[in-house]
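In each ligand, atom 1 is the first atom listed, and ligand 1 is the first ligand listed.
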Amino acid sequence: MDSFLEAIEHRALPIAVIGLGYVGLPVACMFAKAGFTVVGIERNETKVETINRGLSPIEGEEPGLAEMLREVVQNGRLRATSNYAACQEARAILISVETPVGDDNRPAYSALRSVLASLGPHLARGTLVIVESTIAPGTMEKVVAPGLEAASSLRATEDLYLVHCPERVMVGKLLHNLRHMPRAVGGMTPKAAQRAVALYNTFVEADLDATTALTAEIVKTTENTYRDVQIAFANEMALVCEDLGADVWQVRTLVNKCPYRDMHLPGAGVGGHCLPKDPWLLLTHTSTDLSARLIPAARAVNDGMPFHVAELVVDGLRAVGKDIEGARVAVLGYAFLENSDDTRNSPSAVLAKRLQALGAEPVIHDPYVPQYRGDLPALVQSCDAAVLMVRHAEYLRLDPQDLVGWLASPVVVDGRHAFDAEAAAWIYRGVGGPRRDLDG
Ligand code: SAJ
């Protein structure tokens with residue numbers, strides 16, 4: 001067995017994890033828990049200080065993370081710093097920094113490029129470097145390898161072992177997924193993939209599939225693009241059913257009784273830090289003559305849903321003789337996902353802007369987002385309509401009769417199929433239907 005694999009076997013391989021966010025921090029903890037000595041590199045000094053006190057900076061419920069972090073900091077296996085010189089000793093380095101797309105739908109790799117430039121001078125020959133961040137297919141070859149070569153004067157595939165191993169973590173089950181989700185381990189050389197597999201085998205209990213870096217880049221962006229297209233199909237079916245005067249929710253229930261069908265949930269839009277950007281990452285380096293049509297069209301359908309919700313508000317107000325101009329509209333939910341405080345790419349933000357463009361005043365409420373917390377009845381009291389944008393548990397417990405009682409006019413638009421259209425005497429407009437008016 002080569003000395004690298006032997007060092008892994010004996011947990012004698014020093015590890016560095018760059019970027020201690022909701023991916024990097026749990027990864028650093030898992031390797032430390034497995035017995036390795038790990039240094040976490042983090043630019044946010046406050047986070048560094050918090051972690052070195054054995055406290056987790058990650059908000060929200062993450063089973064097991066706080067305890068594991070405290071244990072590995074106290075036993076000295078994990079420490080954090082903002083100083084890249086700490087990477088000097090590392091022989092395996094994992095990179096988990098943000099890789100967003102800009103308004104032009106092109107990758108915004110400033111964080112990644114900055115990491116490569118800072119890491120290069122401290123890289124030793126023979127080091128395994130694993131990029132876990134979601135990246136556009138071709139990024140390992142076009143950005144990571146040249147970036148490290150320029151900053152280290154080492155040769156990417158002769159002197160280093162470069163790998164892309166995309167994460168499959170989900171907020172709320174970070175540690176669970178790290179241990180139990182299968183991983184594509186994409187090496188720029190077979191030996192690189194082999195070394196990464198041996199390293200992950202020290203805590204992963206699922207398949208570790210060695211493949212090429214390009215394949216791994218495509219796998220991750222594809223699995224989220226697949227979901228985005230599936231959701232877009234459900235959303236387009238919602239629009240079709242509204243147009244035909246049917247209820248997409250009944251259609252969906254009956255369609256999904258058919259084997260091998262899994263129609264997703266129509267809704268008020270697709271937010272978050274994965275689905276809105278990964279389809280664009282997937283297409284970043286494709287040649288212009290490819291002209292992919294389905295994937296961009298699916299993005300357009302999903303991005304169009306908050307605008308459709310605004311149209312339903314206009315229609316609902318019209319049914320009570322009110323104009324959208326000057327109307328106050330309660331927006332229930334600002335996070336991108338139920339029972340979460342994460343507002344990245346929030347569809348509600350798009351809806352609020354659209355309502356303002358139409359001359360209305362959006363009044364936003366969200367029990368999980370600090371600036372939008374507040375007394376719901378008081379907030380809704382002065383509004384001409386209410387829009388349900390997120391299935392937060394608090395909203396699902398609402399009695400529609402109460403909601404109608406608080407509103408200045410009984411207009412409710414349901415963006416997430418949270419209410420039964422027959423549950424109150426109201427003007428009800430649901431995404432995907434059904435519609436209900438005061439005369440039944
Ligand atoms: N959404 C719909 N209809 C659906 C499902 C979701 O409109 O049928 C909307 C949600 O309201 C939300 C957005 O799409 O605004 C994204 O929801 P999501 O459930 O996909 O949650 P994410 O963005 O956290 O996706 C993550 C991804 N995980 C990783 O990238 C590691 C995704 O691959 C997972 O499938 C997803 O979690 C999950 O299943 O929880």
Checklist outcome for this item: So for Arg227 against ligand 1, with non-hydrogen atoms under 4.0 Å, the contacting part is side chain
Checklist entry - Hey, looking at atom 30 (O) of ligand 1, which of Glu223, Lys220, Arg168 has the closest heavy atom? => result Lys220
Item to check | Closest protein heavy atom (residue, atom, distance) for atom 14 (O) of ligand 1 | outcome: Val270 CG1, 3.7 Å
Item to check | Polar side chain donor-acceptor pair, Ser346 to Thr343, under 3.5 angstrom | outcome: no
Checklist outcome for this item: for atom 7 (O) of ligand 1, nearest protein heavy atom and its distance come out as Arg416 NH1, 3.3 Å
Next on the checklist: Counting non-hydrogen protein atoms only, what is the nearest one to atom 31 (C) of ligand 1? Give residue, atom name and distance.
Outcome noted: Val169 O, 2.8 Å
Item to check | Residue pairs fulfilling salt bridge (Lys or Arg N to Asp or Glu O under 4.0 Å) with at least one residue in residues 183-194, sequence neighbours excluded | outcome: Glu132-Arg183
Next on the checklist: Looking only at the aromatic ring of each residue, does the gap between the centers of Tyr395 and His365 stay below 6.0 angstrom?
Outcome noted: yes
Next on the checklist: For atom 32 (C) of ligand 1, what is the closest protein heavy atom, and at what distance to 0.1 Å?
Outcome noted: Asn224 OD1, 3.4 Å
Checklist entry - Looking only at heavy atoms, is any part of Leu265 under 4.0 Å from ligand 1, and if so is it the side chain, the backbone, or both, or is it neither? => result both
Checklist entry - For ligand 1, which atoms, with element, lie under 4.0 Å from some heavy atom of Glu167? => result 31 (C)
Checklist entry - Short question: side chain of Arg252, backbone of His264 - any donor-acceptor pair under 3.5 Å? => result yes
Next on the checklist: Within the structure, is a non-hydrogen atom of Gly267 found at a distance of less than 4.0 Å from ligand 1?
Outcome noted: no
Next on the checklist: How far is atom 12 (C) of ligand 1 from the closest protein heavy atom, and which atom is that?
Outcome noted: Phe336 O, 3.3 Å
Checklist entry - For ligand 1, does Leu337 get within less than 4.0 Å through its side chain, its backbone, both, or neither, judged by non-hydrogen atoms? => result side chain
Next on the checklist: Can you tell me if Glu338 contacts ligand 1 (heavy atom of the residue under 4.0 Å from the ligand)?
Outcome noted: no
Next on the checklist: Check this for me: does any side-chain nitrogen of one of Arg397 and Asp402 sit under 4.0 Å from a carboxylate oxygen of the other?
Outcome noted: no
Checklist entry - Is the distance between the ring centroids of His273 and Tyr22 under 6.0 Å? => result yes
Checklist entry - Where is the nearest protein heavy atom to atom 34 (C) of ligand 1: which residue, which atom, and how far? => result Met170 CE, 3.9 Å
Next on the checklist: We want to know whether Arg328 and Ser382 form a side-chain donor-acceptor pair, criterion being a heavy-atom distance below 3.5 angstrom.
Outcome noted: yes
Checklist entry - Between Phe31 and Phe203, does the ring centroid distance fall short of 6.0 Å? => result yes
Checklist entry - Numbering the atoms of ligand 1 from 1, which are under 4.0 Å from a heavy atom of Gly269? => result 7 (O), 9 (C), 15 (O)
Checklist outcome for this item: Among Ser348, Gly272, Gly271, the residue with a heavy atom nearest to atom 16 (C) of ligand 1 is Gly271
Checklist entry - Taking atom types as modelled and ignoring hydrogens, do the side chains of Asn302 and Asp228 form a donor-acceptor contact shorter than 3.5 angstrom? => result yes
